[in-house]
Student: 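Below is the structure I would like to discuss, written out as structure tokens.
In what follows, chains carry the letters A, B, and so on, assigned in the order in which the sequence lines appear, proteins first and then strands, with residues in each chain numbered from 1. Only this structure's heavy atoms are used, side chains among them; waters, hydrogens and symmetry mates stay out.
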Number of protein chains: 2
Amino acid sequence: MKKKTTTLKDVALACGVSSTAVSLVLNHKPSNLSEKTKQLIHDQALALGYRPDPTARSLATKKTNTIGVLIPDISNAFFSEAVRHIQIELSKYGYDMFLCNSEEKYANDLKYLELLISRNVDGLIVTMSAESLTDNHQASIQSMLRDSKIPYVLFDRFYEGDASKVFVDNETSGYELTKHLIDNGHHHIGVITGPLVLNSSRDRLKGVMKALNEAGLHINPEHIVTGFYDMETGRLGGKKLLNQVSAIFAFNDLQAFGVIETAKQKGIRIPEDVSLVGFDDIFYSAILETKLTTVRQPIYEMSQALSNLLMKMVKDINHHEVIRCPAALIVRDSVKNIKS
Amino acid sequence: MKKKTTTLKDVALACGVSSTAVSLVLNHKPSNLSEKTKQLIHDQALALGYRPDPTARSLATKKTNTIGVLIPDISNAFFSEAVRHIQIELSKYGYDMFLCNSEEKYANDLKYLELLISRNVDGLIVTMSAESLTDNHQASIQSMLRDSKIPYVLFDRFYEGDASKVFVDNETSGYELTKHLIDNGHHHIGVITGPLVLNSSRDRLKGVMKALNEAGLHINPEHIVTGFYDMETGRLGGKKLLNQVSAIFAFNDLQAFGVIETAKQKGIRIPEDVSLVGFDDIFYSAILETKLTTVRQPIYEMSQALSNLLMKMVKDINHHEVIRCPAALIVRDSVKNIKS
DNA sequence: TTGTACGCGTTATCAC
DNA sequence: GTGATAACGCGTACAA
């Protein structure tokens, strides 16, 4: 009833060679052993069911074959989908994933980052909580990451600086969505944003402004309502904006849902009375009564880029890259052409 | 520019004591050192920023402080929510989580289980893919788990046998939901199930039958449509069942959405023309046009039970437990009382 | 009571 | 070219 773990020495003994030889052969390192011996070693290793102990290997190599992933909320569909792809990609490289949730809390970012670093992960994929992107918190996270000497790439949200990052082209998408509204004759546009500490919200807003400027249009500052990326903010935005504008640009689909709910309560129809666009293209947006026009983030491509980039950085600590991914405009039924 | 890792010896040296002493003190093991020395050690450890190397510790203790979590699909809201809570709970015990997705594939179950086991995780939380619960695959997974000698607990889905498991009381919930329908005057009920290899579907069906029997009712076998836990199955079920029955019990909310879509296409109103209940209470069910009556799985409680149980098993390999969690009936607007 | 020495399983260094 | 041997950093039995 003993734990019968076959060790390197066992294989060496069975083959009548040194354990060094076994190690070299099994790791496919250049060695000057006869083909015959090599084969013998492989055979014996297989026969004995030898499995290198990853712990011992880590101790010797200083590599854990593990990537730490820190995100704000795994129950958010965007992140769960991303995590899914990241895990699949990483496993192709032989890496496992430690997953942590910050619950959008700065304190948790700190705690889990600390944990992952002390675990000696080989790399880090980080989406900070909104809290951590605040001026007074940013620096500590940033220095923690830098001081760890562990390669890391920022995902989706980031601070200014030269860190590697992967994110969607929020500005262009914001521009395109707004232009789509304008092209459909909408001159009075309301906007519901997320937290402006997030680059995603800031950049989307930049895109909105750019499109407006190009068309010689202006936005009433009161028609920009700022909040969080949730339904409640959408409800609030709806209350302020409905009956004031001909089209609403919600910075994510969840907010758009809130607008829809409020509109229904007020007896305002979409898109007959007011047009609406969202951002993210989450599952439910496509099965809504009036399907939502929105933007789809290329989650799979981003996850792949993320993993590839990190793997490069693991190999070459000096590698550095900033990847901006284009998103796709998904035109559905929530915008009405009011031209003429 | 060297890697400056403070080691146990460094602390010992700084304190002028043996590394044994430091090890004992820092691990809060009983030792007969003077309080003063203990304090000194703690102070020096802090001052030097000493962090025990988890890898070296693992090699010595044969414990990795890591739990492997294998689930079929992290992008499924039920599982992502569960994973979120599991991670939080485990971190309270000082454990990290390796997360793997089988994508509902037997081959991946095998691959990732192998991986997690070879990683020497201290425990395993497993939700098998539907494929793996098939008669010809079940045994290999089961023996793999058993042979690993690693404590594991099955979550949500399971095979017959005496493994530890945590799952929702599907039969009772199926019974309650059906009784709710019957109490509202529905005698012609249609059912849309998931794969019958899953205990969840089998048990829900049992509950349905029990409620029907008690009421002296019968179900037309043609009114039981079997498929997967997805929208498409709901659409199919809708096509077969609508206009045939007065109420439909979809075995999950996603299927219910499919029914709703089909009903809308056919101009059939819910609940005026047909009543509908689902299962799971996913986020969207509460923001639907007509909010769905369904059952809420106690995800948080289950995740907590899961983690607690596994921790017990890690401490005592002989510990064994089967936990069936009661779910809550969520009555909303999708069932019409047609009595009288 | 304190400290020494060895084991954990692997990789890597260096004499031969 | 090959094979002892020393790390890697921590825990622990055992000797002093």
Side-chain angles (χ1 to χ4, degrees), chain A residues 2-42 44-45 48-66 94 117-122 149, chain B residues 2-42 44-45 48-66 94 117-122 149:
Chain A
K2 284 204 167 185
K3 264 200 181 180
K4 206 202 136 207
T5 41
T6 310
T7 164
L8 197 62
K9 248 166 207 170
D10 296 336
V11 179
L13 216 64
C15 295
V17 299
S18 75
S19 49
T20 309
V22 178
S23 176
L24 288 178
V25 172
L26 259 30
N27 289 320
H28 303 100
K29 299 239 168 155
S31 72
N32 305 327
L33 296 170
S34 69
E35 280 306 320
K36 203 183 136 200
T37 322
K38 285 186 182 176
Q39 194 55 50
L40 177 68
I41 290 174
H42 276 123
Q44 282 297 323
L48 295 173
Y50 169 69
R51 303 235 159 276
D53 182 336
T55 308
R57 173 177 285 179
S58 291
L59 186 59
T61 59
K62 294 285 162 207
K63 293 235 150 267
T64 53
N65 273 278
T66 296
I117 292 170
S118 76
R119 276 277 192 163
N120 293 324
V121 295
D122 294 337
K149 301 289 175 203
Chain B
K2 282 205 167 185
K3 264 199 180 179
K4 204 201 138 206
T5 42
T6 310
T7 163
L8 197 62
K9 247 167 209 169
D10 296 336
V11 179
L13 215 64
C15 295
V17 299
S18 75
S19 49
T20 307
V22 179
S23 175
L24 288 178
V25 172
L26 259 31
N27 289 321
H28 302 100
K29 298 244 166 151
S31 71
N32 305 329
L33 296 169
S34 68
E35 281 306 319
K36 200 183 138 203
T37 321
K38 285 186 184 178
Q39 195 54 50
L40 176 67
I41 290 173
H42 277 123
Q44 283 298 322
L48 296 173
Y50 170 68
R51 302 238 158 271
D53 181 335
T55 307
R57 172 178 283 180
S58 290
L59 187 58
T61 59
K62 293 285 159 205
K63 293 234 150 270
T64 53
N65 274 279
T66 297
I117 292 170
S118 76
R119 276 277 192 165
N120 293 324
V121 294
D122 294 338
K149 301 290 175 203

Student: For A:T66, check side-chain contact (heavy atoms from CB on, under 4.5 Å) against everything at least two apart and list the hits.
Tutor: A:T64, A:F98, A:V121, B:F98, B:R119
Student: Taking N or O atoms only and anything under 3.5 Å, show me the protein contacts with nucleotides 7-9 of chain D, one pair per line.
Tutor:
from, atom 1, to, atom 2, distance (Å)
D:dC8, O3', A:K62, NZ, 3.4

Student: Taking five pairs at each end, how big is the angle between the two axes of the helix from C:dT1-D:dA16 to C:dC16-D:dG1, to 10°?
Tutor: 60°
Student: Return yes if some donor-acceptor pair links the side-chain N/O of A:S58 with the main-chain N/O of A:P54 below 3.5 Å, else return no.
Tutor: yes
Student: Applying side-chain contact (heavy atoms from CB on, under 4.5 Å), can you list everything that pairs with A:A14, at least two apart in sequence or on another chain?
Tutor: A:Q44, A:L48
Student: Would you please name every residue forming a salt bridge (charged side-chain N to carboxylate O under 4.0 Å, His left out) with B:K63, sequence neighbours left out?
Tutor: none
Student: Checking B:T55 now: which residues fulfil side-chain hydrogen bond (donor to acceptor under 3.5 Å, both in side chains) with it, not counting sequence neighbours?
Tutor: B:D53
Student: What are the two closest non-hydrogen atoms of B:L59 and A:A56, and how far apart are they?
Tutor: CD1-CB, 3.7 Å
Student: Can you list everything that forms a side-chain hydrogen bond (donor to acceptor under 3.5 Å, both in side chains) with B:T37? Sequence neighbours excluded, please.
Tutor: B:S34
Student: Contact boundaries of DNA chain C with chain A (under 4.0 Å, heavy atoms), 5' to 3'?
Tutor: C:dG9 to C:dA12
Student: Please list, by residue number, the residues of residues 11-28 of chain B whose heavy atoms come closer than 4.0 Å to an atom of DNA chain C; answer none if no residue qualifies.
Tutor: B:V17, B:S18, B:T20
Student: Who pairs with A:K9 by side-chain contact (heavy atoms from CB on, under 4.5 Å), at least two apart in sequence or on another chain?
Tutor: A:T7
Student: Compare every heavy atom of A:G49 with every heavy atom of A:T6, then report the nearest pair and how far apart it is.
Tutor: OG1-O, 4.1 Å
Student: Partners of A:L26 by side-chain contact (heavy atoms from CB on, under 4.5 Å), sequence neighbours excluded?
Tutor: A:V22, A:I41, A:H42, A:A45, A:Y50
